[in-house]
Peer 1: 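Take a look at the following structure, please.
As a basis for the values below, the full set of heavy atoms in this structure was taken, side chains included, without hydrogen atoms, waters or symmetry mates.
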Amino acid sequence: MQLTVNGETIDATGSPPSQTLLRFLRTRAGLCGTKEGCASGDCGACTVLIARPGEAPRSVNSCITLLGSVAGEAVVTVEGLAGSEGPGRHPVQAAMVDCHGSQCGFCTPGFVMSLAGLYAGGGRGDEAIREAIAGNLCRCTGYRPILEAGRRMYDYAPAPVVPESGAPAADANHGEALPAGYYRPRKEAALQALLREHPGAWLVAGGTDAVLEITQQYAAPDPVVDITAVAELCAVEDRGDALRIGAAVPYSALEDCFAGLSPPLVAMLERLGSRQIRNRGTLGGNLANGSPIADMPPVLLAWDARVEIAGADGRRREVPVESFHRAYRDTVLEAGEYVAAVQIPRGSLSRPHRIFKLSKRFEDDISTVLLALSLELSGDRVGEVRVAYGGMAATPLRATIVEGVLTAATLDDRTIERACSAVAETFTPIDDVRASAAYRRAMAAALLRRALRELRDGIDLGIDAVEPLHA
């Protein structure tokens, strides 16, 4: 098993491919600039850059990235950012020094690597800088000089982000070439063969949630089947009547895919974890995880999406998203089955819609309540309507009582208030660390009120419209 680190090919034979990339870098490669702060992808101290051949580098949390998933790819750590040539400092590093962007220094390598990812893509402006470092935490509260460094990094002599590689061995790092117990098939037929051979295998895609079982609960899964290289699961296909999204497509790709189709979804995705998380996390993983606070299922419910399920025996079936979740963290997936793709009808995508996420922290936080609403208006009368919530029950659910209030009704203020009152009849949420049941009900109604008013009046009321419980 080989990978390229800072321009040099490293033979990782003997290192368990199911260990984290962070552990390998610090203990085997001797590169300790990458830090462990949380081991859960929350603080960004472990950020490194990953680049597949021919692709732009992307930032990831190495603490929740499995070593086997980057075999054959180029990895850049803070030690190799400047390369072997030049002044010895990358423009981002120079800007951080000159702007006094480091205090205690523990978080600094992660900030540098996140900004380096932005630099590689040519991103500029305060909004882009804040988005790039939204997944990096500084306990010294030194964000002002870090933001200034992001503004000034282009003032220095340009430099490449990914050093030239000596001999990347991408073709030798899939399937049987990886150590026993870790499989990374390239084709869906090979994936199904592996599942027939290893019916109890641990399937993993981006691993942004699943790998926490290793880092937090000390699980030792064996065997592991990594689906991130399966071509069919990584494809987005426009079928004319529907958009088919492979289960292993990461969120960052969805941002590009939906840029012209759904600005509300793109705005929500910017809050679905950090840039590092969105570069790894996948749509299929978000569904298969079965969490009631997953961000994508309510959106898919509002769009009448269907889940394409495949089995080890090659059989395929489709189920509506609203039938996919059976109970808390329990789905209709049977032994040997996996999520292959999600199909979103084009007609649903064309309906006016709003997607609002409420969380304790605006960026990089789990939902307290998430609303996805789509509806057709004929004049001021409601036609087809879908209202779906996450965080309000043991599974993501459509609010059918609310839909009944709205369907064929005139969308005036009285109807909107009746629909908001119906939220309490639909859900009995729980009290937990994120919110009380009463708060969830109140905010679910407030989000609905905002969405309906915006769609009726064709305006953007802004986040302040969520706060009042009544007009």
Peer 1: Between Glu454 and Arg450, is there a side-chain N and carboxylate O pair less than 4.0 Å apart?
Peer 2: yes
Peer 1: Any donor-acceptor pair under 3.5 Å linking the side chain of Arg184 with the backbone of Thr228?
Peer 2: no
Peer 1: Who are the side-chain contact (heavy atoms from CB on, under 4.5 Å) partners of Glu363, not counting sequence neighbours?
Peer 2: Ala134
Peer 1: Once salt bridge (Lys or Arg N to Asp or Glu O under 4.0 Å) is applied, do any residues pair with Asp155, and if so which ones, sequence neighbours excluded?
Peer 2: none
Peer 1: Apply the test side-chain hydrogen bond (donor to acceptor under 3.5 Å, both in side chains) to residues Tyr251 and Asn286: give CA-CA distance (whole Å), side-chain angles for both, the deciding distance (0.1 Å), then the verdict.
Peer 2: CA-CA 10 Å; Tyr251 295 121; Asn286 202 234; 3.3 Å; yes
Peer 1: Please step through side-chain hydrogen bond (donor to acceptor under 3.5 Å, both in side chains) for the pair Glu73 and Thr4, ending with a clear verdict.
Peer 2: CA-CA 6 Å; Glu73 301 185 11; Thr4 302; over 6 Å; no
Peer 1: Counting N and O atoms only, with roles assigned by atom type, does the side chain of Asn6 sit under 3.5 Å from a partner on the main chain of Thr77, one being a donor and the other an acceptor?
Peer 2: yes
Peer 1: If you take all heavy atoms of Gly105 and Pro109, which pair is closest and at what distance?
Peer 2: O-CD, 3.4 Å
Peer 1: I'd like to know if the side chain of Arg23 reaches the main chain of Arg26, judged simply by a donor and an acceptor atom lying under 3.5 Å from each other, with no hydrogens or angles considered.
Peer 2: no
Peer 1: Check the pair Tyr156 / Asp98 against side-chain hydrogen bond (donor to acceptor under 3.5 Å, both in side chains), numbers first and verdict last.
Peer 2: CA-CA 11 Å; Tyr156 300 80; Asp98 293 345; 2.7 Å; yes
Peer 1: Going by the rule side chain to side chain donor-acceptor pair (under 3.5 Å), which residues pair with Glu403 if we only count those two or more places apart in sequence or in a different chain?
Peer 2: Arg398
Peer 1: Can you list, pair by pair, the side-chain donor-acceptor contacts under 3.5 Å of residues 291-307, counting residues two or more places apart and other chains?
Peer 2:
| residue | atom | partner | partner atom | Å |
| --- | --- | --- | --- | --- |
| Ser291 | OG | Ile293 | N | 3.2 |
| Asp295 | OD1 | Ser367 | OG | 2.4 |
| Asp295 | OD2 | Lys357 | NZ | 2.9 |
| Asp304 | OD1 | Arg386 | NE | 2.8 |
| Asp304 | OD2 | Arg351 | NH2 | 3.4 |
| Arg306 | NE | Glu318 | OE1 | 3.2 |

Peer 1: Quick check against the 3.5 Å criterion: does Ser114 have a side-chain atom that pairs as donor or acceptor with the backbone of Phe111?
Peer 2: no
Peer 1: Any sub-3.5 Å donor-acceptor pair from Asp431's side-chain atoms to Ala437's backbone N or O?
Peer 2: yes
Peer 1: Could Arg139 and Phe106 be counted as a cation-pi pair, given that NZ or CZ must be under 6.0 Å from the ring centre and within 45° of the axis?
Peer 2: no
Peer 1: Any carboxylate oxygen within less than 4.0 angstrom of a Lys/Arg side-chain nitrogen, looking at Arg453 and Asp457?
Peer 2: no
Peer 1: Is it the case that more than 12 heavy atoms not belonging to Arg151 sit under 6.0 Å from its CZ atom?
Peer 2: yes
Peer 1: Quick one: are Thr20 and Leu67 in side-chain contact, heavy atoms under 4.5 Å?
Peer 2: no
Peer 1: Enumerate the residue pairs fulfilling salt bridge (Lys or Arg N to Asp or Glu O under 4.0 Å) with a member in residues 272-287, sequence neighbours excluded, ordered by first and then second residue.
Peer 2: Glu131-Arg275, Glu131-Arg278, Glu255-Arg275, Glu255-Arg278
Peer 1: Where do Val224 and Ser18 come nearest, in terms of heavy atoms and distance?
Peer 2: CG2-CB, 4.2 Å
Peer 1: Check whether any side-chain N or O of Arg434 sits under 3.5 Å from a backbone N or O of Lys360 as a donor-acceptor pair, and report yes or no.
Peer 2: no
Peer 1: Would a 4.5 Å heavy-atom cut-off, applied to side chains only, mark Phe324 and Leu333 as touching?
Peer 2: yes
Peer 1: With heavy-atom distances below 4.5 Å as the criterion, would you say the side chains of Pro17 and Met1 are in contact?
Peer 2: yes
Peer 1: Would you say that Ser59 contacts Gln276 through its side chain, given a criterion of any heavy-atom pair below 4.5 Å between the two side chains?
Peer 2: yes
Peer 1: Listed by chain and number, what are the ring pair (Phe, Tyr, Trp, His ring centres under 6.0 Å) partners of Tyr338, not counting sequence neighbours?
Peer 2: none
Peer 1: Suppose the criterion is side chain to side chain donor-acceptor pair (under 3.5 Å): which pairs have a residue in residues 207-216, not counting sequence neighbours?
Peer 2: Asp209-Asn289
Peer 1: Does Asp432 use its side chain to pair, donor to acceptor, with the backbone of Ala435 at less than 3.5 Å?
Peer 2: yes
Peer 1: Let me confirm one number: the CG-OG1 distance from Leu21 to Thr34, rounded to the nearest 0.5 Å.
Peer 2: 8.0 Å
Peer 1: Who pairs with Thr368 by side chain to side chain donor-acceptor pair (under 3.5 Å), at least two apart in sequence or on another chain?
Peer 2: none
Peer 1: Under 4.5 Å between any side-chain heavy atoms of Leu191 and Leu233, yes or no?
Peer 2: yes
Peer 1: Who are the side chain to side chain donor-acceptor pair (under 3.5 Å) partners of Thr282, not counting sequence neighbours?
Peer 2: none
Peer 1: In chain order, what residues pass the side-chain contact (heavy atoms from CB on, under 4.5 Å) check against Leu455, with sequence neighbours excluded?
Peer 2: Pro352, Arg354, Leu373, Leu375
Peer 1: Can any side-chain N or O of Ser262 pair as donor or acceptor with the backbone N or O of Phe258 at less than 3.5 Å?
Peer 2: no
Peer 1: When you check the gap from the basic side-chain N to the acidic O, do Arg346 and Asp238 get nearer than 4.0 Å?
Peer 2: yes
Peer 1: State which residues pass side chain to side chain donor-acceptor pair (under 3.5 Å) with Ser62; sequence neighbours excluded, sorted by chain then number.
Peer 2: none
Peer 1: For the pair Glu237 (side chain) and Gly246 (backbone), establish whether a donor and an acceptor sit closer than 3.5 Å, ignoring hydrogens and angles.
Peer 2: no
Peer 1: Regarding Glu127 and Arg130, does a basic nitrogen lie under 4.0 Å from an acidic carboxylate oxygen?
Peer 2: no
Peer 1: As a quick check of understanding, evaluate side-chain hydrogen bond (donor to acceptor under 3.5 Å, both in side chains) for Ser359 and Arg271, giving each step before the final call.
Peer 2: CA-CA 9 Å; Ser359 56; Arg271 299 185 55 198; 2.8 Å; yes
Peer 1: Looking at residues at least two apart in the chain, or sitting in another chain, which of them share a ring pair (Phe, Tyr, Trp, His ring centres under 6.0 Å) with Tyr119?
Peer 2: His90, Tyr154
